[in-house]
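To start, the structure under review is shown below, and the notes come after it.
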There are 2 protein chains.
Amino acid sequence: MTMNNGAGGRRRPPTIHDVAREAGVSRGTVSRVLNGGHYVSPAAAEAVNAAIRRTGYVVNRHARSLITGRSDSVGFLLTEPQERFFEDPNFNVLLRGCTQALAAHDVPLLLMLAGTEDERRRITRYITAGHVDGVLLVSSHSGDPIATELREAGVPLVACGKPIGIGSKVSYVAADDRDGARDMVRHLLAQGRRRIGVVTGPLDTPGGVERLAGYREVLAEAGVQYDEGIVVSGDYSRASGEAGAERLLDRAPDLDAVFVASDLMAQGVLTALRRAGRRVPQDVAVGGFDDSPAATAASPSLTTIRQPWDRISSEMVRVLLAQIGGEEPAAVILPTELVKREST
Amino acid sequence: MTMNNGAGGRRRPPTIHDVAREAGVSRGTVSRVLNGGHYVSPAAAEAVNAAIRRTGYVVNRHARSLITGRSDSVGFLLTEPQERFFEDPNFNVLLRGCTQALAAHDVPLLLMLAGTEDERRRITRYITAGHVDGVLLVSSHSGDPIATELREAGVPLVACGKPIGIGSKVSYVAADDRDGARDMVRHLLAQGRRRIGVVTGPLDTPGGVERLAGYREVLAEAGVQYDEGIVVSGDYSRASGEAGAERLLDRAPDLDAVFVASDLMAQGVLTALRRAGRRVPQDVAVGGFDDSPAATAASPSLTTIRQPWDRISSEMVRVLLAQIGGEEPAAVILPTELVKREST
DNA sequence: TTCTCTACTGTGAACGCTCACAGACAGCAT
DNA sequence: ATGCTGTCTGTGAGCGTTCACAGTAGAGAA
């Protein structure tokens, strides 16, 4: 009496052979059913599917990968220093969105952290050895060596946010930072604010540069004098927002609004303003960017620019899978949206 | 003239065969060097290593997995509903810690999200088919069907926090919640507080239950009357902390302290107290739990109980790998630490 | 010497799958 | 009849690795 599949005994899982025997067809036919079902008669297909159900067969991806050369998995690569990963809520929603979008295609996601030089080397080897078919890259800072390495190795790659200094021919998906900034500054002007300070993001990131550019454009269009003295830059962290607001208040006590390039920094700005005795929004209006949880958590809640993170992640996955499928790299720019809350 | 490895041409990566030829030994010897180097002469080992360096050889994990039956990867499985994943900063540090600890063993981490029933089924199939060697499970709520399924399928499993209602024989790593709660309540008593309210976590989670138990124990030891009226429960979210504090103030206006089972809820408590015109810590002291970034971000900054997340993640990985290696399941309880800040 | 033991090495044979190929059969035109 | 086309099916080969096994050589014991 042979041991059955039931509880108790760890049994060798069914192979494509078992399914073929069970269905009364050959391995080849089962394989064809598994891979799209072309050139398979309806009767055979039905028999195979029934056999798969009966045996509980699941394809062995290692065997498949060994011969196809594909791994049917993609990497989610984070090259940020740790603190950013912790502090920035955007990473979470991006990671979650990508995982789900990939799961819909039955593609597992490998999380990869390249903080140190050592990790970077190991991960590069892993990726270029073909253990993933493509990479979703999250790294805002420029000159990322791993990005260029991967690109040169011909690994399908999609970046989140426009990579700078890496040349073209690399796919990316980004929100329309400049347009979002324009919306916010126009909104502040519409509230009657005229003395609008800025806390920018790091100026070696596209977000930092573009959001500042949008601010300048709208000011110019409105005929408001641009004053470099009320432009300070931060690093997207809460603390840098706080420090930035202090510098702004110091230089321009008559400030009546601040446009902050991230919600997290805006939280810091709120703290500094409160400490300085300014009321928000009565004395100073504050506009954030991202519409992260920090925006609603802040008090007063932040007027901000929503980045469409759900769409960003699904587009990243779409573009990456297309590229793995042989299509050319592509850039996707997604619109943002002004969300009005208490701080303006 | 054959195409070289240089830029431009995608070339077939070197195999163990190529390395063997280059080193002047057999496949078997190369394989032995790759797997620990036992029964290999120093000369041969050196020749092989040199050949590996020259050829840029990287082992093909699919081929290896096909024959060993191991996948040399583990899954990080999240069964929480979405909002918790987003809001709770602990997940981030846990995920990061696990990824790094695994990377040190050259084991990739697959991120798996089982929110819907559909996802749950697909992921169960994936895991039980042997596509990962083990699972790191993050799911605080009890009666998780996936956990029991995996356990019954014999998949090595390590939970974060003690799983309830799943029977024994499942490994877990947890902070000493009860002891942490005891420390905090003792601290509040030492500050002269006597009317100490509680906002607990969900009472179907070990954290929720244990932290409340610690509170009751210390009160009893100190001879302070336990008053069920000033015990309310939340769901670890900020909003539930806010609501909880309102209920507490309503029932006990003479409250002089609140022990909150998470920093995030404690933020909500601070908001509610401020709105009610209570000063923290002068009128009411607030103690949190977790020592998450929320603790320092809050104003006033939160006195809290640090959970050793870095150790939790590294222990989870250690126990999981041991179990994959054939060891028996194990439970690990790690000590917590009181961190004093402005709120008490 | 001869035997035994240990350290080391090479050689099929798998692992489970896909791919290329060849063959069978039907339908339709020649 | 013959050929051609298209759909469908089975078969052998091979992907890159590990594992079991057989075999060699050198050291030490009898």
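Predicted model only: the values in this text are computed from it and were never measured. In what follows, chains are A, B, ... by sequence order, proteins preceding strands, each numbered from 1. All values below come from the heavy atoms of this structure, side chains included, with hydrogens, waters and symmetry mates left out.
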Discussion item. Determine whether B:C160 and B:W309 satisfy the following criterion, side-chain contact (heavy atoms from CB on, under 4.5 Å), listing intermediate values before the conclusion.
Written reply: CA-CA 10 Å; B:C160 174; B:W309 288 110; 4.0 Å; yes

Practice prompt. Would you please test B:R120 and B:E117 for salt bridge (Lys or Arg N to Asp or Glu O under 4.0 Å) and show each step?
Written response: CA-CA 5 Å; B:R120 207 181 61 67; B:E117 181 60 21; 2.8 Å; yes

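Axis orientation changes by 60° from one end of the helix from C:dT1-D:dA30 to C:dT30-D:dA1 to the other, with each end axis drawn from 5 pairs and the value rounded to 10°.
Looking only at side-chain heavy atoms (C-beta outward), A:L34 and A:I52 come within less than 4.5 Å of each other. Using a 4.5 Å heavy-atom cutoff, the side chains of A:H38 and A:R32 are not in contact. Counting heavy atoms from C-beta on, the side chains of A:T29 and A:Y39 never come closer than 4.5 Å. Within the 4.5 Å cutoff, the side chain of A:P156 has heavy atoms near those of the A:L320 side chain.
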So which protein nitrogen or oxygen atoms get under 3.5 Å of nucleotides 5-8 of chain D's nitrogens or oxygens?
unit_1, atom_1, unit_2, atom_2, d
D:dT7, OP2, A:Y39, OH, 3.4

Please list, for nucleotides 23-27 of chain C, all pairs of protein and nucleotide N/O atoms separated by less than 3.5 Å.
none

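Checked against salt bridge (charged side-chain N to carboxylate O under 4.0 Å, His left out), A:R54 has the following partners two or more places apart in sequence or in another chain: A:E22. With sequence neighbours excluded, the residues forming a ring-ring contact (aromatic ring centres under 6.0 Å, His included) with A:Y126 are A:H131, listed by chain and number.
The separation between B:R21 atom CZ and C:dT9 atom P is 19 Å, rounded to whole Å.
Proximity of a side-chain donor or acceptor of A:N49 to a complementary backbone N or O of A:E46 within less than 3.5 Å is not detected. No side-chain donor-acceptor contact under 3.5 Å links B:S73 to the backbone of B:V107.
Classification of A:D106 and A:R61 as a salt-bridged pair holds, one side-chain N sitting under 4.0 Å from a carboxylate O.
For A:Y172 against A:V158, the heavy-atom pair with the smallest separation is CA-CG1, 4.3 Å.
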Worksheet item: How does protein contact run along nucleotides 13-21 of chain D, one letter per nucleotide 5' to 3', with B for base contact, S for sugar-phosphate only, - for none, heavy atoms under 4.0 Å?
Response: BBBBBB---

